[in-house]
2 protein chains.
Amino acid sequence: MSKDTPANRGDETRNQLLEAGLRLFSIHGYESVSTRQLTTESGTNIAAINYHFGGKEGLYRAVLEQLVIDTEPYFGPGLQKIQDSISLATDDRQKLVPVITGLMNNLFRLFLEDDFMCWRAPLVMREYANPSENFDILYKGRIEPLHKTVTAIAAAVLKKPVDDPECAVRAHAIIGQIVVFGIARVVLWKRLDWDGYTPERVAMITDIATQSVLNSIGLSSSAGSPVEGN
Amino acid sequence: MSKDTPANRGDETRNQLLEAGLRLFSIHGYESVSTRQLTTESGTNIAAINYHFGGKEGLYRAVLEQLVIDTEPYFGPGLQKIQDSISLATDDRQKLVPVITGLMNNLFRLFLEDDFMCWRAPLVMREYANPSENFDILYKGRIEPLHKTVTAIAAAVLKKPVDDPECAVRAHAIIGQIVVFGIARVVLWKRLDWDGYTPERVAMITDIATQSVLNSIGLSSSAGSPVEGN
DNA sequence: GTGATTTAATCAAACGTTTGTTTTAAATAA
DNA sequence: TTATTTAAAACAAACGTTTGATTAAATCAC
């Protein structure tokens with residue numbers, strides 16, 4: 001029953017197509033991937049795409065849906081804990097610092113480093129920047145919940161109602177400070193003459209970006225004053 | 001000679017192709033635009049693409065090169081003025097506040113509102129997020145100069161050497177707070193139930209994002225304290 | 001249990017269309 | 001004329017999709 005290998009042949013080719021689709025769509029984008037490439041690299045037959053998913057777009061949609069399902073453990077519980085922490089920190093805004101620091105650490109590790117996300121993160125970034133017709137799958141599944149949680153953080157820190165548009169805009173600016181290191185990674189690599197991310201570089205980025213984010217909403221990192229003394 | 005209309009037939013079809021290419025590539029992306037679509041919407045002939053640009057990719061390259069040329073007046077002088085201002089503000093970091101505020105106002109108006117940039121901005125964003133083989137044209141022409149200027153601002157405010165990697169990372173986080181409103185505009189629109197940007201909404205975003213950026217590097221907006229009093 | 005039947009899945013081949021490019025010849029300007 | 005520029009047709013290659021035969025597995029009657 002609960003084996004790693006699929007129950008029958010059908011599920012196996014289905015999963016092989018989903019896996020190849022995730023990787024290829026992530027690297028090259030939907031339009032640039034051909035059905036023949038998908039079947040070649042997944043070791044399946046050309047007709048399997050239509051049989052299992054009703055066509056190329058059906059496969060793409062299934063890839064997005066599977067992504068939302070598979071990433072649930074990485075987001076759902078964490079975001080819930082943050083919402084809970086906010087309720088307990090109404091008196092002192094500084095109590096939210098570790099919450100934000102923790103979120104930043106998780107997101108950066110997940111999006112820039114984690115092997116599990118190495119194809120999934122770029123695909124989310126791709127849809128983030130150039131939404132396809134199936135964008136809503138990712139938006140409703142992953143993006144909106146994260147955005148709403150960050151909005152709640154901003155609202156708590158700024159002491160404004162969560163439905164104040166400023167809070168969503170603030171949240172957007174915060175998220176911008178995070179996703180830019182994923183979306184525009186090539187720009188940063190060129191600027192710093194890097195050939196990619198390493199754990200050390202991601203750690204450095206995480207530290208700096210966390211300071212930047214905390215300061216941007218008027219918080220200081222738990223240690224000392226904002227940015228630096230002087 | 002210096003008429004608005006091109007000197008001869010050749011330049012006219014050339015410009016028509018560049019114009020249609022800019023618009024179509026911007027909206028749909030390189031792969032999704034066909035040569036027939038380009039010639040139909042530009043009112044030219046199929047053979048003109050090969051004759052004038054050597055092919056579809058040559059046209060795309062020419063579009064990027066033309067973009068860099070046409071946007072020069074909007075960036076070159078402004079960035080130079082900022083570099084000059086930095087040299088004059090070594091004593092007091094707060095002197096850089098109006099410099100940053102001015103830059104933010106220009107960038108937001110340009111990228112979210114200006115008709116001149118309505119096709120150019122999305123194309124830059126597209127290359128920004130998913131670099132093509134011709135990315136270097138935009139990078140060297142527009143992105144790197146802007147990134148270096150923002151790095152210089154960060155270095156001046158943080159009182160660190162410009163070649164300290166932290167300054168480039170800080171600059172990247174600052175730019176992230178700006179471009180996220182262009183790249184991920186759809187996300188913000190969905191969150192706030194907007195159907196697009198209006199001058200009022202852009203003004204609001206500009207205000208909030210400018211506060212966010214200033215705070216992120218430890219500056220306060222010229223008026224009062226960071227974020228709010230309390 | 002065994003053989004017959006149905007269902008599900010895979011396969012190679014080919015479908016018609018569209019892709020980017022090239023060729024050919026007519027039209028235009030100098 | 002002579003060199004450009006345009007228009008239309010034609011090119012091979014690649015596209016997503018469909019077909020019909022075939023294989024493997026599950027279901028059934030007995």
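Note on naming: letters A, B, ... go to the chains in the order of the sequence lines (proteins, then strands), and numbering restarts at 1 for each one.
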Exercise. Is any side-chain heavy atom of Tyr60(B) less than 4.5 Å from a side-chain heavy atom of Val33(B)?
Worked result: no

Seminar exercise, completed: Leu17(A) atom CG is separated from dT17(D) atom P, nearest whole Å, by 13 Å

Exercise. Taking for each residue the nucleotide of DNA chain C with the nearest heavy atom, is it Ile46(A) or Tyr51(A) whose nucleotide lies nearer the 5' end?
Worked result: Tyr51(A)

For this session: Please state whether the phosphate of dT19(C), meaning OP1 or OP2, lies under 4.0 angstrom from any side-chain nitrogen or oxygen of Thr35(B).
Result: no

Exercise. Is the closest basic N to carboxylate O distance between Arg23(B) and Glu19(B) below 4.0 Å?
Worked result: no

Problem set entry | Lys190(A)/Asp136(B) salt bridge by N-O under 4.0 Å criterion | yes

Exercise. Does a side-chain N or O from Asn45(A) land closer than 4.0 Å to OP1 or OP2 of dA12(C), or not?
Worked result: yes

Exercise. With a 4.5 Å limit on heavy-atom distance, are the side chains of Tyr30(A) and Glu57(A) in contact?
Worked result: yes

For this session: Please state how far atom NZ in Lys56(B) lies from atom P in dA13(D), giving the value in whole angstrom units.
Result: 19 Å

Exercise. For the pair made of CZ in Arg36(A) and C1' in dT18(D), what is the distance, rounded to whole Å?
Worked result: 12 Å

For this session: Using atom OH of Tyr60(A) as one end and atom P of dT17(D) as the other, report the distance to the nearest whole Å.
Result: 15 Å

Exercise. What is the distance, rounded to the nearest whole Å, between atom CD1 of Ile49(A) and atom C1' of dA9(C)?
Worked result: 15 Å

Exercise. Looking only at side-chain N and O atoms, does His52(B) come under 4.0 Å of OP1 or OP2 in dT6(D)?
Worked result: yes

For this session: Would you mind reading off the distance between Asn50(A) atom CG and dT10(C) atom C1', rounded to a whole angstrom?
Result: 14 Å

Exercise. Can you check whether Leu67(A) reaches Trp119(A) side chain to side chain, under 4.5 Å on heavy atoms?
Worked result: no

For this session: Can you tell me the distance, in whole Å, between the CZ atom of Phe53(A) and the P atom of dA9(C)?
Result: 12 Å

Problem set entry | Upstream residue (5' side of DNA chain C) when Ala48(A) and Gly54(B) are each assigned their closest nucleotide | Ala48(A)

Exercise. Rounded to the Å, how far apart are Gln37(B) CD and dT21(C) C1'?
Worked result: 17 Å

Exercise. Among the nucleotides dA10(D), dT6(D), dT19(D), which one has an atom lying closest to any side-chain atom of Ala47(A)?
Worked result: dT19(D)

Problem set entry | Contact under 4.0 Å: Ser34(B) side-chain N or O vs dT18(C) OP1/OP2 | no

